[in-house]
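In what follows, every heavy atom counts, from backbone to side chain, and hydrogens, waters and symmetry copies are set aside. All values reported here derive from a predicted model rather than from experimental measurement.
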Amino acid sequence: MAASDSKTLLKSDAVYKYILETSVYPREHECMRELRLLTAQHPWSMMASSPDETQFIGMLLKILNARNTLEIGVFTGYSLLATALALPSDGKIIAIDMNREYYEIGSPIIEKAGMAHKVDFREGSALAILNELVAEEKNEGNFDFAFIDADKVNFLNYHERVLKLLRIGGIIAYDNTLWSGFVVASPEEPLSERDRELAHATREFNKAIAADPRVEVSHLSVADGLTLCRRIA
């Protein structure tokens with residue numbers, strides 16, 4: 001498996017390989033495959049969403065009949081392309097990232113797939129861009145779905161803003177909410193300073209989300225942890 005394909009908390013690599021080869025790869029769009037393999041060559045390939053996760057998100061978007069979505073943290077656009085393929089022809093994605101250079105890696109493949117017209121890429125601080133969106137009254141409750149996969153320490157700040165943009169019944173998906181399993185690491189376990197900091201931030205986020213009465217929560221052990229929040233208030 002390519003490096004980006006091994007992003008899972010499953011104890012058995014063989015089981016994960018079975019999932020990919022049986023249920024994911026045979027149905028993978030050719031442009032998704034092309035972008036996945038291209039991204040796997042990048043030094044930061046582990047930043048990409050896993051193939052099984054993007055397949056799940058694509059199905060979820062269709063169940064929601066989603067039309068307008070947000071994505072925070074784009075990287076090369078692998079999950080972005082999965083979203084675009086799942087949306088109707090007039091669907092739109094506001095895609096936010098600090099680095100356009102990474103997005104430009106996948107942009108030609110998104111264009112090749114005929115999905116570029118659905119993508120509104122915005123480079124810059126996600127908090128600043130979200131504040132701009134919230135300030136426009138027309139955006140309130142206008143989004144069906146949001147995928148958040150960037151700057152983990154700001155997840156709660158993103159949450160407060162995105163809830164204002166999301167319709168009742170819409171879903172926010174947060175990635176990496178088990179942080180390689182380090183959310184249950186003991187204080188004595190040897191971790192890098194970064195992993196310890198992000199594991200702590202992730203625990204605090206998970207605790208806050210579990211207690212948030214405005215959303216229903218489902219915490220999935222897909223990939224590196226995926227938390228779904230369905231807005232109910």
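- K112 and E34 are joined by a salt bridge, as a carboxylate oxygen and a charged side-chain nitrogen come within less than 4.0 angstrom of each other.
- Taking 4.5 Å as the limit, every side-chain heavy atom of T227 sits out of range of all side-chain heavy atoms of L220.
- For the pair E216 (side chain) and L228 (backbone), a donor-acceptor distance under 3.5 Å is absent.
- Looking only at side-chain heavy atoms (C-beta outward), N131 and R161 come within less than 4.5 Å of each other.
- Contact check on D120 versus K92 returns no salt bridge, with no Lys/Arg side-chain nitrogen under 4.0 Å from an Asp/Glu carboxylate oxygen.
- Not one N or O on the side chain of N154 forms a donor-acceptor pair closer than 3.5 Å with the backbone of N157.
- Here H159 contributes atom NE2 and I209 contributes atom CD1; the two are 3.5 Å apart, rounded to the nearest 0.5 Å.
- With sequence neighbours excluded, the residues forming a side-chain contact (heavy atoms from CB on, under 4.5 Å) with E28 are Y25, M32, R33, R36, Y78, listed by chain and number.
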Practice problem: List the steps and the verdict of salt bridge (Lys or Arg N to Asp or Glu O under 4.0 Å) for R214 and E160. | Solution: CA-CA 10 Å; R214 299 168 296 177; E160 291 303 320; 2.7 Å; yes

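- Ring geometry for F145 against F147 counts as parallel: the plane angle stays under 30°, on a 0 to 90° scale with 60° as the upper cut.
- Here L70 contributes atom CG and I94 contributes atom CD1; the two are 5.5 Å apart, rounded to the nearest 0.5 Å.
- With values rounded to the nearest 0.5 angstrom, I148 atom CD1 is found 10.5 Å from D175 atom CG.
- For the side-chain hydrogen bond (donor to acceptor under 3.5 Å, both in side chains) with W179, the qualifying choice from N206, D195, D224 is D195, the only one to do so.
- Under the 3.5 Å distance criterion, the side-chain polar atoms of S107 are left unmatched by any main-chain donor or acceptor of Y103.
- Put simply, the side chain of N176 never gets that close to the backbone of D149: no donor and acceptor are under 3.5 Å apart.
- Side chains of V215 and I232 form no contact here, defined as non-hydrogen atoms less than 4.5 Å apart.
- Considering only heavy atoms from C-beta on, I171 stays 4.5 Å or farther from R231 through its side chain.
- A donor-acceptor contact shorter than 3.5 Å is absent between the side chain of N68 and the backbone of D144.
- In this structure, the side chains of Y102 and V74 stay at 4.5 Å or more apart for every pair of heavy atoms.
- H42 and T76 share no side-chain donor-acceptor pair at under 3.5 Å.
- The side-chain heavy atoms of F205 and Y174, taken from C-beta on, include a pair separated by under 4.5 Å.
- In this structure a side-chain-to-backbone donor-acceptor pair under 3.5 Å is missing from T22 to I19.
- For the pair F56 and L61, the minimum side-chain heavy-atom distance is 4.5 Å or more.
- At least one donor-acceptor pair closer than 3.5 Å links the side chain of K118 to the backbone N or O of A84.
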